[in-house]
Amino acid sequence: MKNFTTAFLLLLMCFTAQAQDKKAKDLLDQVTAKIKTYDNIVIDFKYSLNNSKENINQDSKGNVILKDNLYILNLMGVTKLYDGKKTYTINPEDEEISISKINDKDENSLTPSKMLTFFNTGYKFNWDILQNIKGRKIQYIKLTPVSSKDQRKEVLLGIDNQTKNIYNLIEIGKNGTKTTLTVNSFKTNQPLSKNQFIFEASKYPKYYINKLD
């Protein structure tokens with residue numbers, strides 16, 4: 001009887017875990033579906049990097065404009081623009097612009113546009129805690145990388161229960177480093193210039209152009 005009870009409990013736990021995993025997948029599918037309905041997305045965010053062992057604490061603000069696979073990212077004083085073929089990294093401090101090609105079809109290449117749907121491949125996911133943050137109910141999904149070569153131990157993805165938009169992303173590295181990206185402003189379908197994602201060299205006449213490819 002004892003063995004039967006133990007086996008029954010283990011089976012019940014297995015079914016419960018599978019149900020939780022299905023809930024996590026369903027929520028992630030809703031997030032992906034919602035993102036696909038937007039013509040463009042404009043995000044203001046806070047980026048934090050912490051490692052208590054190394055006594056590292058860095059905070060910075062940034063913003064990104066996304067349209068399909070095109071983007072303009074501003075972070076730590078550096079601007080990155082991707083026009084669909086090349087990435088332009090503009091560094092005002094050094095007055096230098098690096099130009100490189102990116103294969104957008106490469107699953108291993110991470111671009112800002114993929115950051116909103118990266119969780120669809122390469123992870124196991126589990127239903128995690130629900131938090132009330134400033135009156136918003138944020139449901140967390142824990143993502144565990146499938147590859148043992150991945151330097152991240154786990155990723156926590158916070159999703160706004162009402163809007164189904166991403167609120168924050170917390171990466172915990174195997175070396176103890178914790179990076180957090182928190183969305184401060186999430187706007188969609190904004191009026192953008194026709195030249196929004198076109199690099200104009202004439203704006204940087206004194207900059208050194210470094211062509212990497």
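Atom set for the values below is all heavy atoms of this structure, side chains included, hydrogens, waters and symmetry mates excluded. Quick note: residue numbers are just sequence positions, from 1.
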Quiz item: Are the side chains of Ile41 and Lys187 in touch, meaning some heavy atoms are under 4.5 Å apart?
Solution: no
Self-check item: Worked verdict on Phe45 versus Leu75 for side-chain contact (heavy atoms from CB on, under 4.5 Å)
Solution: CA-CA 10 Å; Phe45 61 87; Leu75 182 63; 3.9 Å; yes
Quiz prompt | Short side-chain donor-acceptor distance under 3.5 Å, Asp83 and Tyr71 | solution = no
Self-check item: Partners passing salt bridge (Lys or Arg N to Asp or Glu O under 4.0 Å) against Lys164 (at least two apart in sequence or in another chain)
Solution: none
Exercise. Could you tell me which non-hydrogen atom of Pro92 sits nearest to which non-hydrogen atom of Gly77, and how far apart they are?
Key: CD-O, 3.2 Å
Quiz item: Given Leu157, which of Val31, Leu169, Leu27, Asp128 fulfils the side-chain contact (heavy atoms from CB on, under 4.5 Å) condition?
Solution: Leu169
Exercise. List for me each residue that meets side-chain hydrogen bond (donor to acceptor under 3.5 Å, both in side chains) alongside Thr163, sequence neighbours excluded, and say none if there are none.
Key: none
Practice problem: Go through the steps for Leu143 and Glu154 under the test side-chain contact (heavy atoms from CB on, under 4.5 Å), then give the verdict. | Solution: CA-CA 6 Å; Leu143 308 169; Glu154 63 185 30; over 6 Å; no
Quiz item: In the hydrophobic clustering that connects Ile, Leu, Val, Met, Phe, Trp and Tyr at side-chain heavy-atom distances below 4.5 Å, which members other than Ile138 occupy its cluster, ordered by chain and number?
Solution: Ile129, Ile133, Tyr140, Leu156, Tyr167, Ile170, Ile172
Quiz item: Does any N or O in the side chain of Gln162 come within less than 3.5 Å of the main-chain N or O of Asp160, such that one atom is a donor and the other an acceptor?
Solution: no
Using distance only, find each side-chain donor-acceptor pair of residues 54-65 under 3.5 Å and give its atom names and separation, not counting sequence neighbours.
from: Asn57; atom 1: OD1; to: Asn50; atom 2: ND2; distance (Å): 2.7
from: Asp59; atom 1: OD1; to: Ser48; atom 2: OG; distance (Å): 2.6
from: Asn63; atom 1: OD1; to: Asn74; atom 2: ND2; distance (Å): 2.9

Practice problem: Using a cut-off of 6.0 Å, state whether more than 12 heavy atoms not belonging to Lys34 lie near its atom NZ. | Solution: yes
Quiz item: Distance from Asp68 atom CG to Phe197 atom CZ, nearest 0.5 Å?
Solution: 8.5 Å
Exercise. Using a cut-off of 6.0 Å, state whether more than 12 heavy atoms not belonging to Lys174 lie near its atom NZ.
Key: yes
Quiz item: Cut-off 3.5 Å, side chains only: do Asn195 and Ser193 have a donor facing an acceptor?
Solution: no
Quiz item: Are Met76 and Leu49 co-members of a hydrophobic cluster defined by side-chain heavy atoms under 4.5 Å apart?
Solution: yes
Exercise. For the residue pair Lys124 and Val146, establish whether any side-chain heavy-atom pair is separated by less than 4.5 Å.
Key: yes
Quiz item: Step by step, would you call Ile141 with Ile159 a side-chain contact (heavy atoms from CB on, under 4.5 Å)?
Solution: CA-CA 8 Å; Ile141 304 296; Ile159 300 168; 4.2 Å; yes
Quiz item: What closest approach, in Å, do Asn91 and Tyr207 show between heavy atoms, and which atom pair accounts for it?
Solution: O-CE2, 3.8 Å
Exercise. Check whether any side-chain heavy atom of Lys80 sits under 4.5 Å from a side-chain heavy atom of Ile90, and report yes or no.
Key: no
Exercise. Evaluate the side-chain contact (heavy atoms from CB on, under 4.5 Å) criterion for residues Tyr82 and Phe199: first the C-alpha distance (whole Å), next the side-chain angles of each, then the deciding distance (0.1 Å), finally the verdict.
Key: CA-CA 9 Å; Tyr82 179 58; Phe199 173 73; over 6 Å; no
Quiz item: Is there side-chain contact between Tyr123 and Thr144, with heavy atoms separated by less than 4.5 Å?
Solution: no
Quiz item: Roughly how far, to the nearest 0.5 Å, is the CD1 atom of Ile72 from the OG1 atom of Thr79?
Solution: 8.5 Å
Quiz prompt | Distance (rounded to the nearest 0.5 Å) between Thr180 OG1 and Asn168 CG | solution = 7.0 Å
Quiz item: Roughly how far, to the nearest 0.5 Å, is the CG atom of Leu192 from the NZ atom of Lys67?
Solution: 7.0 Å
Quiz item: When clusters are formed by joining ILVMFWY residues with side-chain heavy atoms under 4.5 Å apart, either directly or through shared neighbours, do Leu73 and Val78 land in the same one?
Solution: no
Quiz item: Taking all atoms of both residues into account, what is the closest heavy-atom pair of Phe125 and Lys25, and its distance?
Solution: CE1-CB, 3.4 Å
Practice problem: Mind checking the CD-CD spacing from Gln196 to Gln190? Nearest 0.5 Å is all I need. | Solution: 10.5 Å
Quiz item: Is there a chain of hydrophobic side chains (I, L, V, M, F, W, Y, each step under 4.5 Å between heavy atoms) that links Tyr88 to Ile209?
Solution: yes
Quiz prompt | Qualifying residues under salt bridge (Lys or Arg N to Asp or Glu O under 4.0 Å), relative to Asp94, sequence neighbours excluded | solution = none
Quiz item: Can any side-chain N or O of Thr177 pair as donor or acceptor with the backbone N or O of Gly173 at less than 3.5 Å?
Solution: no
Quiz prompt | Within-4.5 Å side-chain heavy-atom neighbours: Trp127 and Lys142 | solution = no
Quiz prompt | Pairing residues for Asp150 by the salt bridge (Lys or Arg N to Asp or Glu O under 4.0 Å) criterion, not counting sequence neighbours | solution = Arg152
Self-check item: Between OG1 on residue Thr182 and NZ on residue Lys46, distance to nearest 0.5 Å
Solution: 7.0 Å
